[in-house]
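Shown next, in structure tokens, is the structure this report addresses.
What you see is a predicted model, and the numbers here were worked out from it, not measured in a lab.
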Amino acid sequence: MMERRIHERMKRQHGLVTRRQAREEGMTDTQIKWRVGTGDWVRISHGVYRHRSAPDTRIGRLLAACLRCDALASHRAAAALHGIDGFRLDRIELVVPRGGARSMRGAIVHQSNQFDLAKRVDCMGVPCTGLGRTLLDVSAVVSRQRLDQAIDSVLRDGRLRLTDLYRVLVSHARRGRDGCAAFRASLEDRCDDLVPLSAWSRLVADLLVESGLGQPVMEYRIHSPDGGFIAQVDLAYPDYRVAIELDSRRWHLNRVSFDKDPERRNRLTVLGWTVLNFTWTHYAQDPGAMCATVKAACRQSRP
């Protein structure tokens, strides 16, 4: 039974098994050493073995590197596994948590403070970063033209939407994070009007909840004390009388809005509401400041 379980695992792992996995199945160090000695298993890395019948392949070497240091295939290697246009599996490229393996012969090793955001998936039997995270990582190591082509490929085949990519950007955004500037520029060049307002409202609502705020009310209608309708705002915290308006070029950069928006804001202010206005730039470039502003407004307007 033990032998069968180990062979089944090897089949799933391109003919590979680690010492730890073999031990988990009940194999002793002596038994492992005996198999290496007979040539049944070939030691290909520290604590990683390949069955002699399994071919030596690029994908097998990539998986072996991942198994050796509990890493994920990342960057260009992950892009190839995900089948993104323009990428081939021609290198071993990994990501490990900050403080993990610094280097490995024949491999490019990246350390990450955001390893927990990698959204691990298995592609072709290899653990790798999720599709959105892979595109963000690629942003740091390829040209802008190649990045644009990669994003176009994923949007074209429908695996991700522009809103999904903005979500990836915002969740990873921090000063100095490699790839964020190029990734943001590529998304913004596609024009924020490609993202429906309703989808943007949902993204902002999710961001606020993740920052520790409660769930805002979407499309909230505000009335005067006598029941007259005043305005409908994109998001609101009614208990705190904080309204959040999301301004896009499509709906607010026109003559009617130029005149009407201040009037509407003034009426809300007279009723005791704090009105906060944000744009795509606020959302995409400094989401932390955006959340901090909303939190500050809620603190000042206690229920």
Donor-acceptor contact below 3.5 Å, side chain [X] vs main chain [Y]:
X: K295; Y: S211; result: yes
X: R159; Y: V154; result: no
X: S45; Y: V48; result: no
X: R91; Y: A77; result: no
X: S186; Y: F183; result: no
X: E245; Y: N277; result: no
X: T293; Y: A289; result: yes

Mind checking whether [X] and [Y] sit in one hydrophobic cluster, side chains of I, L, V, M, F, W, Y counted as touching below 4.5 Å?
X: L207; Y: V294; value: yes
X: L203; Y: I151; value: yes
X: I32; Y: M2; value: yes
X: V217; Y: V275; value: yes
X: W41; Y: L63; value: no

Problem - Residue among R50, H51, Q21 satisfying side chain to side chain donor-acceptor pair (under 3.5 Å) with Q13 - result: Q21
Can you tell me how far [atom2] of [Y] sits from [atom1] of [X], rounded to the nearest 0.5 angstrom?
X: L155; Y: D164; atom1: CG; atom2: CG; answer: 9.0 Å
X: I84; Y: T134; atom1: CD1; atom2: OG1; answer: 6.0 Å
X: S103; Y: I108; atom1: OG; atom2: CD1; answer: 12.5 Å
X: L276; Y: D234; atom1: CG; atom2: CG; answer: 12.0 Å
X: S224; Y: L268; atom1: OG; atom2: CG; answer: 11.0 Å
X: M10; Y: S53; atom1: CE; atom2: OG; answer: 8.5 Å

Minimum-distance pair of heavy atoms, taken over all atoms of [X] and [Y]:
X: P238; Y: W273; result: CA-CH2, 3.8 Å
X: P216; Y: A205; result: CG-CB, 3.8 Å
X: C128; Y: L81; result: CB-CD1, 4.2 Å
X: A173; Y: C180; result: CA-SG, 4.1 Å
X: G60; Y: L16; result: O-CD1, 3.3 Å
X: F115; Y: V95; result: CE1-O, 3.4 Å

Does one side chain, of [X] or [Y], offer a donor that lies under 3.5 Å from an acceptor on the other?
X: S112; Y: R133; answer: yes
X: Y240; Y: R299; answer: no
X: T129; Y: S74; answer: no
X: D247; Y: T279; answer: no
X: D40; Y: T38; answer: no

Count the heavy atoms belonging to other residues, nucleotides or ligands that lie under 6.0 Å from [atom1] of [X], then report whether that count exceeds 12.
X: M124; atom1: CE; result: no
X: R161; atom1: CZ; result: no
X: H46; atom1: NE2; result: no
X: R98; atom1: CZ; result: yes
X: K119; atom1: NZ; result: no

Can you check whether [X] reaches [Y] side chain to side chain, under 4.5 Å on heavy atoms?
X: M27; Y: I6; result: yes
X: R20; Y: D70; result: yes
X: Y283; Y: L246; result: no
X: V42; Y: Y49; result: no
X: L62; Y: L94; result: yes
X: Q232; Y: I222; result: no
X: V204; Y: F278; result: no
X: R61; Y: H14; result: no

Check this for me: does any side-chain nitrogen of one of [X] and [Y] sit under 4.0 Å from a carboxylate oxygen of the other?
X: E8; Y: R12; result: no
X: R76; Y: D137; result: no
X: D85; Y: R156; result: yes
X: R58; Y: D56; result: no
X: E210; Y: R167; result: no

Exercise for the section: Test side chain to side chain contact (heavy atoms under 4.5 Å, CB included) on C66 and L72 and set out the steps. Expected result: CA-CA 6 Å; C66 291; L72 300 178; 5.7 Å; no
Exercise for the section: Test the R146-F87 pair against the cation-pi criterion, namely NZ or CZ under 6.0 angstrom from the six-membered ring centroid and within 45° of the ring axis. Expected result: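 Here R146 passes the 6.0 Å and 45° test against F87.
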Handout entry: Whether Y166 and W280 hold their rings parallel, tilted or perpendicular, with breakpoints at 30° and 60°
Key = tilted
Practice task
Show the numbers, then the answer: is there a salt bridge (charged side-chain N to carboxylate O under 4.0 Å, His left out) between D122 and R120?
Solution key: CA-CA 7 Å; D122 284 348; R120 169 184 167 155; 3.4 Å; yes
Problem - H82/V121 under side chain to side chain contact (heavy atoms under 4.5 Å, CB included): CA gap, chis, key distance, verdict - result: CA-CA 10 Å; H82 280 292; V121 296; 3.7 Å; yes
Handout entry: Derivation of the salt bridge (charged side-chain N to carboxylate O under 4.0 Å, His left out) call for K33 and D29
Key = CA-CA 6 Å; K33 186 176 180 180; D29 287 343; over 6 Å; no
